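Being a predicted model, the structure only gives us computed values, none of them experimental. Here, residue 1 is the first one in the sequence, and each next residue gets the next number.
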Amino acid sequence: QVQLVESGGGLVQAGGSLRLSCAASGSGFSINVMGWYRQAPGKQRELVATITSSGSTNYADSVKGRFTISRDNANDTVYLQMNSLKPEDTAVYYCYVGVITRLIKRVMDYWGKGTLVTVSS
């Protein structure tokens, strides 16, 4: 079982910055991909950014050049630095972790509870 603890959401003015963090804990697995998704009111959940264990990153076009994803493999923590925030970035941001269980080599997905980011104009 994997537990995810997110932090860093809040209210910020347009043009401002926020940093999200998500720490994973548990045992019996190795983490492959970590990332962030978001869901705005009335919309489907969408990819924001992901990062593999080797450091390869993937970003949604809408956040390229403004958001940076990073991870601390030693502490199983993923970060999302969000700069130049826009009102359309307002959403609940969910941490995502893809793991492989060590015992039976099963791929499993885990989601955080979400943290609200509100960008005022």
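Distance check, rounded to the nearest 0.5 Å: OG1 of Thr68 to CD1 of Ile51 gives 10.0 Å. Residue Met82 holds its CE atom at 8.5 Å from OG of Ser17, rounded to the nearest 0.5 Å. To the nearest 0.5 Å, the span separating CH2 on Trp36 from OG on Ser21 amounts to 6.5 Å. Atom CZ of Phe67 and atom CG of Asn83 lie 8.5 Å apart (nearest 0.5 Å). To the nearest 0.5 Å, the span separating OG on Ser25 from CG on Leu4 amounts to 7.5 Å. Distance check, rounded to the nearest 0.5 Å: SG of Cys22 to CD of Glu6 gives 5.0 Å.
Grouping the Ile, Leu, Val, Met, Phe, Trp and Tyr side chains by contacts below 4.5 angstrom, directly or via other members, places Tyr93 with Val63. Hydrophobic clustering places Leu47 together with Val33 (ILVMFWY residues linked when any side-chain heavy atoms are closer than 4.5 Å, directly or through intermediates).
Taking both residues in full, the closest heavy atoms of Ser121 and Ala14 are given as CA-CB, 4.4 Å, listed atom of the first, atom of the second, then distance. In terms of heavy-atom proximity, Val117 sits nearest to Gly9 at CG2-CA, 4.2 Å. In this structure, Leu18 and Gly8 approach most closely via the heavy-atom pair CD2-O, 3.9 Å. When all heavy atoms of Cys95 and Val78 are compared, the closest pair comes out as SG-CG1, 4.0 Å.
A 4.5 Å side-chain heavy-atom check between Ile31 and Val2 finds every atom pair outside the cut-off. Residues Asp109 and Val97 fail the side-chain proximity criterion, which asks for heavy atoms closer than 4.5 Å. No side-chain heavy atom of Ile69 sits less than 4.5 Å from a side-chain heavy atom of Asn58. The shortest side-chain heavy-atom distance between Tyr59 and Val48 does not fall under the 4.5 Å cut-off. Thr57 is not listed as a side-chain neighbour of Thr50, based on a closest heavy-atom distance of 4.5 Å or more. In this structure, the side chains of Tyr79 and Asp72 come closer than 4.5 Å at one or more pairs of heavy atoms. Using a 4.5 Å heavy-atom cutoff, the side chains of Gln1 and Tyr110 are in contact. Looking at heavy atoms from C-beta onward, Tyr94 lies in side-chain contact with Gln39 at the 4.5 angstrom threshold.
The aromatic rings of Tyr96 and Trp111 lie tilted to each other, with the angle between the two planes from 30° to 60°.
Residues satisfying the side chain to side chain donor-acceptor pair (under 3.5 Å) test with Asp76, not counting sequence neighbours, are none. Residues meeting the side chain to side chain donor-acceptor pair (under 3.5 Å) test with Thr52, sequence neighbours left out: Ser54.
Listed by first and then second residue, the salt bridge (Lys or Arg N to Asp or Glu O under 4.0 Å) pairs involving residues 84-103 are Arg38-Asp89, Arg66-Asp89 (not counting sequence neighbours).
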Residue pair Val92, Thr115: steps toward the side-chain contact (heavy atoms from CB on, under 4.5 Å) verdict: CA-CA 5 Å; Val92 176; Thr115 184; over 6 Å; no
